[in-house]
Amino acid sequence: MTLVLRYHEARSRALFRELDANPSLLLLGGAVALPFNPDDGLLERYADRILWPPISEFATAAAAIGAAMAGLRTLVPISTSSFMFYGWAPIVNEAPNVRYLSGGTVSAPVAFHVMAGSRRGGAAQHEHTPQAMLHNVPGLRVLAPATPADVDAAVHGALTGDDPTVIVDNVRLAEFEGPLGSSPADIRLPTLLRDGSDVLIVSYSLMVQQALLAAGLLANQGIAAAVLDVAQLAPLPHAELLAATERHDTVLFVDESRAAGSPASHMLARVVQARPRVTARLLCTLDAPAPFAPALVDAIVPGPAQIAAEVRALLGR
Amino acid sequence: MTLVLRYHEARSRALFRELDANPSLLLLGGAVALPFNPDDGLLERYADRILWPPISEFATAAAAIGAAMAGLRTLVPISTSSFMFYGWAPIVNEAPNVRYLSGGTVSAPVAFHVMAGSRRGGAAQHEHTPQAMLHNVPGLRVLAPATPADVDAAVHGALTGDDPTVIVDNVRLAEFEGPLGSSPADIRLPTLLRDGSDVLIVSYSLMVQQALLAAGLLANQGIAAAVLDVAQLAPLPHAELLAATERHDTVLFVDESRAAGSPASHMLARVVQARPRVTARLLCTLDAPAPFAPALVDAIVPGPAQIAAEVRALLGR
Amino acid sequence: MTGPDRLRRLAAMLRARRFDETLIANAALVTGVFHVSIGHEGVAAALAGARRASDLIMLNHRNHGALAAIGTDLEVCYREILGRDGGPQRGRAGSLHLADAARGVPYTSAMVAGGVALAVGMALAKQRLGREGIVFACFGDGAMGEGAMYESLNLAALWALPLVFVCESNASADRDGSRANVLQAARTLTGLADVHQIPATSVDGGDPEAMARTMDDAVAAVRGGGGPRFIEARLQPWPGNAAFLPRLVTGELDLSDAERPGAAGAWSAADPVLAEARALLRDGVALADLLVLDRSVRASVERAFASAAGAPSAPDSVAMSGVWAP
Amino acid sequence: MTGPDRLRRLAAMLRARRFDETLIANAALVTGVFHVSIGHEGVAAALAGARRASDLIMLNHRNHGALAAIGTDLEVCYREILGRDGGPQRGRAGSLHLADAARGVPYTSAMVAGGVALAVGMALAKQRLGREGIVFACFGDGAMGEGAMYESLNLAALWALPLVFVCESNASADRDGSRANVLQAARTLTGLADVHQIPATSVDGGDPEAMARTMDDAVAAVRGGGGPRFIEARLQPWPGNAAFLPRLVTGELDLSDAERPGAAGAWSAADPVLAEARALLRDGVALADLLVLDRSVRASVERAFASAAGAPSAPDSVAMSGVWAP
Ligand SMILES: Cc1ncc(C[n+]2csc(CCOP(=O)(O)OP(=O)(O)O)c2C)c(N)n1
Ligand SMILES: Cc1ncc(C[n+]2csc(CCOP(=O)(O)OP(=O)(O)O)c2C)c(N)n1
Ligand SMILES: [Mg+2]
Ligand SMILES: [Mg+2]
């Protein structure tokens, strides 16, 4: 019997499991589910495992990295992803250098959790997609789960792996349901969530769920769309990505990031380099800061209808 | 008679010209040419136009942005590009929002200058390519000059335009020579620096100079390589890029950034989307932090020999 | 202060309060989070009283009260908060980024301490360009945790900038009183400005008269070229902010409570609007006059809301306009 | 302090000085910029004297002296600075990032104040894991400009972390003396720690004995569970640092100058190594014994350099190894 959970339930379950498995694991702040997702009781249940820092993102991020070097693993719930820009220097220019500069003798296994993407109503300063910057940093591991199984694997990978890791989460994933295996999956492996021979849609995080909805719309129109979920954005699993895309000659890459620098543009480049005859297209959020009004957000962020329309355009149907 | 200058001479000339043209233009710090390029006398000549801040990159960057909103234009010489990570939040999450949030009634015309890329000996914390992050930010203008004419246009554009602008410079460009027009060129337009029918190499900043050297090597081997210089990375001039690449069916995109998130991967995606039958390839710095030893840097950063080899591989010759 | 001036101050505070109350009553129409200024009206009124047309003001995520107090068009604010077309922002900004360039609020950052550092630059512009006016930076106690605040204090002091730091401190006090609050190791928040040789004053922000006096003194010093000043306005945390979205747990303000000392609970005792009303009553103004004023404020606030709620959304194209210079 | 201890201290300081002098003499072999610790040897020796094997130390871009003083293999350091193979870093790090995990220096950040914030976390780890040892964070006066420093002081104080902040202050004093230095509005650097209720002491870092006493006192307090301490070591700026690359403008150290008071210039009067030598002479140690020690230090430093300069570079594959966990 497979366990089926909502995304937010799977996230809490994974987090509690890791907290129980590693009694010294410390949280620097507690805003993982809260304030935007249902309260999972983390704050009461693990009150003694949470240290609440002042609003000091730089020192908090750096402290987490320093603690990791000294043997204390922490998870830093940064909440809205843009707050991490205040702690950008340690995250992109300290943590990822530790292993390299020490020749592998020292590591900084620390995990950051951020809520990225358009949650609606966050506006220009609260709806970023920092993965489009983070995946450029060698030494950082960037995980962007889309499903309950993904988030289970991402939390496990981030809290037991040996790399500084950022979990790029999305508030709007909370209610999506999905099956979980008996143990956490390998987050590095792309997952084919739906098969279909006409087109392959490659994506990650919330856009995978939007792609699945689009695939449903397309099926009604006689178009069979496959959906591939690539949850580890950095280091990008090249070989696995190529293997998973090789049966399709038409591939749409969908990303909530703006196109310039997007993980999708990098995946597209990798795929067309290896297979020059593929017809590839990119569908991203348009080049504007996040507007406040939901209707305006819908005008720039891809949803199922836009994805389906793009597929039809790509197939000429 | 065309004026031919070295890159660093053209940069100083442009900067002095803009300082003379706008008497209220203020520099927050003075490390444009210094410490890595020849002293151009800026510090003595314009001593009263330079305000030296403490080592406070956040407040300095933010102050420059706030000053811009209040009518005072500044240039912030950040020196090594990674120092800007300390001021990342205002640069990527204040400046680019000003125009948008005000509906175009307020703007933040401020310029940042950074030295990016591997200067040799800088090691993991001093040899970044922040353009791979910055070009993802709608509202920021990102300029990465390669030639004396480019830097002339970039300095002019940054110090007279109405967008917050980052000039992504490179210490190793200093001695390259080139012609200057009678007035600054339009930095938005890609420039074909060398023509050739077999292959087109698209790049920016230092890698353009490396591509020109590679084209020379290739010419000796009977391969005619064209070199296109795209100096404005954001907003990327799509139409102009497509027009400038349309005569070539084989295109190599070269970038000193790591591939994931690189401007080159974005350009590649744009080109192959528009022209699916193009054979495109990406040549980037390999996925590691910058090592210290020059020999190790040469093992990961593309140079003329690697570019030429990649072209040959692409053409199967 | 003269009677009409004080009535004007109460009017500014009422505008702020009634604006937020009406919004909370209609919270279901708002997308996402918003922050209200209930309890901060004394600071808002002091700011409105001290500012001149040439000044610039940097607010933060909690900006409604100050805007209402300085006279920003409330219908434009409501339209923006509801994501409707109307003002120059046209639904792109929302509550977090309300602004009013015509009244010296060109841009509002919602990042903690983000606006403070921007304000340093605005003050630098005033100074270098020899322009009239000074700059106000309003921020919360939480901003004192950010390194950006420290850097800003240092720059402002080093460069002797015409800048008033206004800390709206609504944090609960530290248990044993040895620290400014539970997230600050410093004994006082003013100490953190003082160490940079910025004259700093702590004042009861729930007492609008004291607040205004402190503000006026600081502003006079800054206008006189004395460099930056720092004000800590100590505010009672309004209990309605405890939840994710503000809730009117204290009920709507009833100005007649000003005549019923002790009638209401702890909040009424701390409410700056009631404090101001009480002071006016003490000065001999009649409650009836205050109620007339309140009714007119309420009516105009409600008209503004009704009109905003009926306004259309901006067309989709607005989402893509104003990103880069044309 | 006993005689042998003091000789050991001089030996540590000489190791540091001779290491840097030899490097400057061979600067042409180094790629890029490097930073020397000339004038900082008193701090380095105090650190070496106070540290225990279980402690952790966070250095900065100016790290040579401390490493030399705590006994790091100098040939490995030279190899790294020259970009050669040898130690675990194998040419990937260079001067900026020299480290010695075996002696409690797992990682060295070259970002101003970057290491300080990391050290906060190391101290948090010591505290939460109940591990033995404390943490030292060494940084320059320039780091006091960074917001990261302020946040670090606040966190360390709030959480009562076992952390010694060591500020190596080599800045020129402000003209009129009303500020700590030209880039700091605060009157003193210690004031910036003190305001966070971190006990802070300023000491003449050019006086190795006073420096060691101050360090030992602070370390004892921190080991005793008293929370963080802050030390400002006031250092004479060494004139050789004025250029882009350090130049030996003051000449090589001549220990016999310790017997010729006033013979040399202003720098000699401030030189902490000479100060230490003078103190030893005052205590009755013979100059000849100091010169013997010096010769042996020099010989070993020169051997280390010669051997490093002959070492090979690492193979190209090293550039790509150690990026992510295997
Ligand atoms: C840099 C940054 N970090 C975190 C947040 C999230 N945030 C929004 S309001 C707030 C609390 C701010 O407290 P304070 O400054 O005291 O203002 P108050 O809401 O109490 O008026 C926080 C942490 C943010 N907006 N910006
Ligand atoms: C964040 C950051 N900004 C700027 C620099 C460039 N930089 C290197 S050393 C230095 C001066 C540091 O002064 P101080 O901290 O006093 O150390 P000192 O060199 O005097 O020992 C600067 C600005 C840097 N390394 N990191
Ligand atoms: Mg507060
Ligand atoms: Mg210094």
Side-chain angles (χ1 to χ4, degrees), chain B residues 23-26 28 48-49 51-74 76 86-87 89-90 93-110 137-141 157 160-165 188 232 234-235, chain C residues 56 58 87-94 96-99 101-102 104-111 113-131 133 135 137 146-156 158-159 161 314 318-326:
Chain B
S24 73
L25 174 62
L26 181 73
L28 285 174
D48 61 327
R49 304 288 290 281
L51 192 57
W52 290 94
I55 314 179
S56 305
E57 288 87 358
F58 190 115
T60 302
I65 298 161
M69 280 191 245
L72 176 68
R73 190 188 283 268
T74 65
V76 187
Y86 276 58
N93 202 20
E94 303 287 357
N97 301 329
V98 172
R99 170 180 296 278
Y100 190 71
L101 286 174
S102 68
T105 60
V106 185
S107 63
V110 55
V137 182
L140 271 192
R141 195 171 176 206
T160 60
D162 211 20
D163 288 314
T165 302
R188 284 173 304 181
Q232 178 166 304
Chain C
L56 292 171
M58 185 53 74
Q89 301 184 310
R90 306 189 68 180
R92 280 169 291 204
L96 289 170
H97 303 294
L98 291 181
V105 188
Y107 173 80
T108 300
S109 171
M111 292 293 102
V116 180
L118 297 171
V120 167
M122 293 177 158
L124 178 65
K126 289 284 190 197
Q127 183 187 65
R128 297 285 300 198
L129 299 172
R131 296 246 175 99
V135 180
E146 296 283 11
M149 172 64 60
Y150 167 83
E151 296 185 6
S152 298
L153 290 165
N154 190 34
L155 289 196
L158 274 176
W159 296 340
L161 298 179
V318 164
M320 291 297 294
S321 72
V323 180
W324 282 281

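By convention in this document, chain letters (A, B, ...) are assigned in the order of the sequence lines, proteins followed by strands, and residues within each chain are numbered from 1. No hydrogens, no waters, no symmetry mates; every other heavy atom, side chains included, goes into these values.
Residue contact with chain B, scored on non-hydrogen atoms closer than 4.5 Å, is absent for C/Ala156. Heavy atoms closer than 4.5 Å to chain B are found in both the backbone and the side chain of C/Ala93. At a 4.5 Å heavy-atom cutoff, the contact between B/Val106 and chain C is made by side-chain atoms alone. Proximity to chain C is absent for every atom of B/Pro90, based on heavy atoms less than 4.5 angstrom apart. Heavy-atom distances place no part of C/Arg90 under 4.5 Å from chain B, backbone and side chain included. Using a 4.5 Å cut-off between heavy atoms, C/Leu129 contacts chain B through its side chain alone, with no backbone atom that close.
Minimum interatomic distance between B/Met69 and B/Ala108 (heavy atoms only, all atoms of both residues): CG-CB, 4.3 Å.
One finds the CG atom of C/Asn154 at 9.0 Å from the CH2 atom of C/Trp159 (value rounded to the nearest 0.5 Å).
Between chain B and the options C/Val120, C/Val116, C/Leu155, C/Val318, heavy-atom pairs under 4.5 Å are most frequent for C/Leu155. Between chain C and the residues B/Gly87, B/Pro96, B/Ala70, B/Ala64, the largest count of heavy-atom pairs under 4.5 Å involves B/Ala70. For chain C, the option among B/Gly139, B/Ser24, B/Gly71 with the highest count of heavy-atom pairs below 4.5 Å is B/Gly139. Counting heavy-atom pairs closer than 4.5 Å to chain B, the top residue among C/Ala123, C/Ala113, C/Ala148 is C/Ala148. With chain C as the partner, the residue from B/Gly103, B/Gly104, B/Pro109 showing the most heavy-atom pairs under 4.5 Å is B/Gly103. Highest contact tally toward chain B, considering only C/Gly115, C/Ser109, C/Gly147, is held by C/Ser109 [criterion: heavy-atom pairs under 4.5 Å].
In this structure B/Pro164 satisfies the side-chain contact (heavy atoms from CB on, under 4.5 Å) test together with B/Ala95, B/Val110, B/Leu140, sequence neighbours excluded.
Enclosure of atom CZ in B/Arg188 is not indicated, since only 12 or fewer non-hydrogen atoms of other residues, nucleotides or ligands lie within 6.0 angstrom.
Sorted by first then second residue, the side-chain hydrogen bond (donor to acceptor under 3.5 Å, both in side chains) pairs that include residues 98-108 of chain B, not counting sequence neighbours, are B/Arg99-B/Asp162, B/Ser107-B/Asp162.
No option in B/Leu51, B/Val76, B/Ile55 other than B/Val76 meets the side-chain contact (heavy atoms from CB on, under 4.5 Å) test with B/Thr60.
Remark: the backbone N or O of B/Leu26 is not paired with any side-chain donor or acceptor of B/Thr74 at under 3.5 angstrom. A distance-only check finds no donor-acceptor pair linking the side chain of B/Glu94 to the backbone of C/Ala117 [under 3.5 Å].
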